[in-house]
*Asks:* 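Let me give you the structure first, and then I'll get to my questions.
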There are 2 protein chains.
Amino acid sequence: MTLIEARGYGALTMAALARELRVSPSALYNHVTAKQDLLRWIQDHLNQRIDCSAFATEPWDVAVERWARSYRDTYAQHAPLVPVIAVAPIAGAAHTVEMYEQVAAGLREGGWPDPLIAEAIVAVESFVLGSAMDATSPPDVFEVGDLAVTAPIFTTAVKARRGDDPAGSAFELGLTALVEGLRARLRTVTTGE
Amino acid sequence: MTLIEARGYGALTMAALARELRVSPSALYNHVTAKQDLLRWIQDHLNQRIDCSAFATEPWDVAVERWARSYRDTYAQHAPLVPVIAVAPIAGAAHTVEMYEQVAAGLREGGWPDPLIAEAIVAVESFVLGSAMDATSPPDVFEVGDLAVTAPIFTTAVKARRGDDPAGSAFELGLTALVEGLRARLRTVTTGE
DNA sequence: ACCTGAACACCGTTCAAGT
DNA sequence: ACCTGAACACCGTTCAAGT
């Protein structure tokens, strides 16, 4: 059923899906109450593919980095889902819940106090989803055109970027910084009490 | 013209806008080539309201925090724009370019090397936009329902959250961590050479 | 329980025709 | 230069009717 994602999200219309299944569009509503249901189903299926295995074997900080990379890579290829998943309730999504459980277990094992675990997860997730969206932006997003004269510093900064994957570099910079900052925070929290 | 945002984004339809302006829907296409144009126009207008003033007076790290807070607050109220702005080219958006210029100037002043400035901006921006989307999620996003038995650790972590604004707390945790991590990174970059 | 076919109430957009 | 009105090609969804 999810094999249809190969066609891209612009083509993910109820009519197209129905055609793929050789069924009438209205028939879909016997299995799904609305299109949102379908998207959440796909999301849960996708979350199953995110690699959380490191939380069982590695220190929490390296596990978070691996999880975040896998998470971003997955949704960079499914960017249209990002706005949906960011606000979609988790209830009933078994694989999604399982993912969070593994992450939460890893953080607790790593010494994070219960009240901060969900906050840390949400913080990393926000960065990941924002980065997944950024990953889909065209290479010329930062081309200022004739406004270059207004913004000389920004223009040279954009030109000074290196590597053939600016979005990827920005993600790596942010991820390592975020994890480093979380490490520092955990230190102050645990030594403080 | 943008006074219509008060009506919410579900109501931001070309027909509704035309009605508001007492004009036929097709007349709008004399001023805008597509709806995307309109959204980018709104985005640029919104970016004007983001507070970048701290970059001129404060150290880069406290300026980034203030900018990020203002940025998130703005788009938390305009969440439907987030997926658009994340991939929208900047060309022709004067206020947006000006914002980036101020941020870039502040970072350079703070000692950041040119090749890393754009990366740092994108990293912070990704976190901000991800957080803006998260801010609009319903309070029960993490209610696991009958799957609680599968995810005991995550369930208790969610219950252990404190404060009446979980999304806001997560944003603050992530923001301070991210900035702390960037500070550390800048240190290693500048002392390394 | 699951399907079909027709219909509904919308979308954004185009285009000839007017002034 | 800017507008109107009609039309187009879609959307997601509903609902009576069938099996």
Side-chain angles (χ1 to χ4, degrees), chain A residues 1-46 75 77-89 91-94 133 136-138 141 146, chain B residues 1-46 75 77-89 91-94 133 136-138 141 146:
Chain A
M1 197 166 181
T2 66
L3 319 170
I4 321 104
E5 306 166 39
R7 292 284 228 284
Y9 278 88
L12 183 57
T13 168
M14 296 303 267
L17 177 60
R19 198 180 322 122
E20 199 78 7
L21 296 167
R22 304 196 200 293
V23 124
S24 113
S26 52
L28 298 174
Y29 290 84
N30 284 306
H31 306 91
V32 115
T33 72
K35 197 185 180 182
Q36 279 266 347
D37 268 30
L38 178 65
L39 295 178
R40 279 194 232 164
W41 198 86
I42 298 178
Q43 177 211 347
D44 194 44
H45 178 82
L46 237 41
Y75 279 97
Q77 290 174 293
H78 298 270
L81 277 183
V82 172
V84 180
I85 119 184
V87 301
M133 292 182 45
T136 69
S137 60
V141 234
D146 47 1
Chain B
M1 195 166 181
T2 65
L3 318 170
I4 320 105
E5 307 166 37
R7 293 284 227 286
Y9 278 88
L12 182 56
T13 168
M14 296 303 269
L17 178 60
R19 197 180 322 122
E20 199 79 5
L21 296 167
R22 302 196 202 294
V23 123
S24 114
S26 52
L28 298 176
Y29 289 85
N30 284 307
H31 306 91
V32 114
T33 72
K35 197 186 180 181
Q36 279 266 348
D37 268 30
L38 177 66
L39 295 178
R40 280 194 232 164
W41 197 88
I42 299 177
Q43 176 211 346
D44 194 44
H45 178 82
L46 237 42
Y75 280 97
Q77 290 175 294
H78 298 270
L81 277 184
V82 172
V84 180
I85 119 187
V87 300
M133 291 183 47
T136 68
S137 60
V141 234
D146 48 0

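Protein chains get the first letters and strands the later ones, always in sequence-line order, with residue 1 at the start of each. For the numbers below, each heavy atom of this structure counts, side chains included, while hydrogens, waters and symmetry mates do not.
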*Asks:* B/Lys35 side chain: which of C/dC2, C/dG5, C/dT13 is closest?
*Replies:*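 Shortest atom-to-atom distance from the side chain points to C/dT13.
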*Asks:* To the nearest Å, how far apart are B/Asp37 CG and C/dG12 P?
*Replies:*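 Spelled out: CG on B/Asp37 to P on C/dG12 is 14 Å.
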*Asks:* How many Å lie between CG on A/Leu17 and C1' on D/dT13, as a whole number?
*Replies:*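 Checked: the CG to C1' distance equals 15 Å.
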*Asks:* Report the base-pairing partner of C/dA9 (Watson-Crick or G-U wobble, both distances below 3.5 angstrom), or none.
*Replies:*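 Pairing partner: none.
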*Asks:* Can you tell me how far C1' of D/dG5 sits from CG of B/Leu28, to the nearest Å?
*Replies:*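 Rounded to whole Å, this separation is 14 Å.
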*Asks:* Under a 4.5 Å cut-off applied to non-hydrogen side-chain atoms, are A/Ile42 and A/Leu12 in contact?
*Replies:*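 With C-beta onward as the side chain, the pair touches.
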*Asks:* Rounding to a whole Å, what distance do you find between B/Leu39:CG and C/dG12:C1'?
*Replies:*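 It works out to 12 Å between those atoms.
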*Asks:* Could you let me know what D/dT4 is paired to, Watson-Crick or G-U wobble, both distances under 3.5 Å, or none if it's on its own?
*Replies:*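 Pairing partner, where one exists within any strand: C/dA16.
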*Asks:* How would you label the contact of A/Ser26 with the nucleic acid (heavy atoms, under 4.0 Å): base, sugar-phosphate, or nothing?
*Replies:*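 If one applies the 4.0 Å heavy-atom cut-off, A/Ser26 turns out to touch a base.
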*Asks:* With nearest nucleotide decided by heavy atoms, which residue, A/Gly10 or B/Pro25, maps closer to the 5′ end of DNA chain D?
*Replies:*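 Residue closer to the 5' terminus by nearest nucleotide: B/Pro25.
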*Asks:* How many Å lie between CG on B/Leu21 and P on D/dT4, as a whole number?
*Replies:*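 Between P of D/dT4 and CG of B/Leu21: 11 Å.
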*Asks:* Are the side chains of B/Tyr75 and B/Ile85 in contact, using a 4.5 Å heavy-atom criterion?
*Replies:*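 Sidechains of B/Tyr75 and B/Ile85: in contact.
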*Asks:* Would you check if A/Val84 and A/Gln43 make a side-chain contact, meaning some heavy-atom pair closer than 4.5 Å?
*Replies:*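 No, every pair of side-chain atoms sits at 4.5 Å or beyond.
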*Asks:* Looking only at side-chain atoms of A/Val23, point me to the closest of D/dT4, C/dT4, C/dT13.
*Replies:*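 Minimum distance to the A/Val23 side chain belongs to C/dT4.
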*Asks:* Whole angstroms only, please: what is the CE-P distance between A/Met14 and C/dC11?
*Replies:*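 Distance check: A/Met14 CE to C/dC11 P gives 19 Å.
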*Asks:* Over how many whole Å does the gap from B/Gln36 atom CD to C/dT13 atom P extend?
*Replies:*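 The distance from CD of B/Gln36 to P of C/dT13 comes to 9 Å, rounded to the nearest Å.
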*Asks:* To the nearest angstrom, how far is B/Tyr29 atom OH from C/dA17 atom C1'?
*Replies:*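 Spelled out: OH on B/Tyr29 to C1' on C/dA17 is 19 Å.
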*Asks:* Please examine the side chains of A/His31 and A/Leu21, heavy atoms only from C-beta on, and report whether any two atoms are closer than 4.5 Å.
*Replies:*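 A side-chain contact under 4.5 Å is absent here.
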*Asks:* With a 4.0 Å limit, can you tell me whether A/His31 has a side-chain N or O closer than that to the phosphate oxygens OP1/OP2 of C/dA1?
*Replies:*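 Result: no.
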*Asks:* Answer whether the closest heavy-atom distance between the side chains of B/Val82 and B/Thr136 falls below 4.5 Å.
*Replies:*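 Result no, sub-4.5 Å side-chain heavy-atom pair not found.
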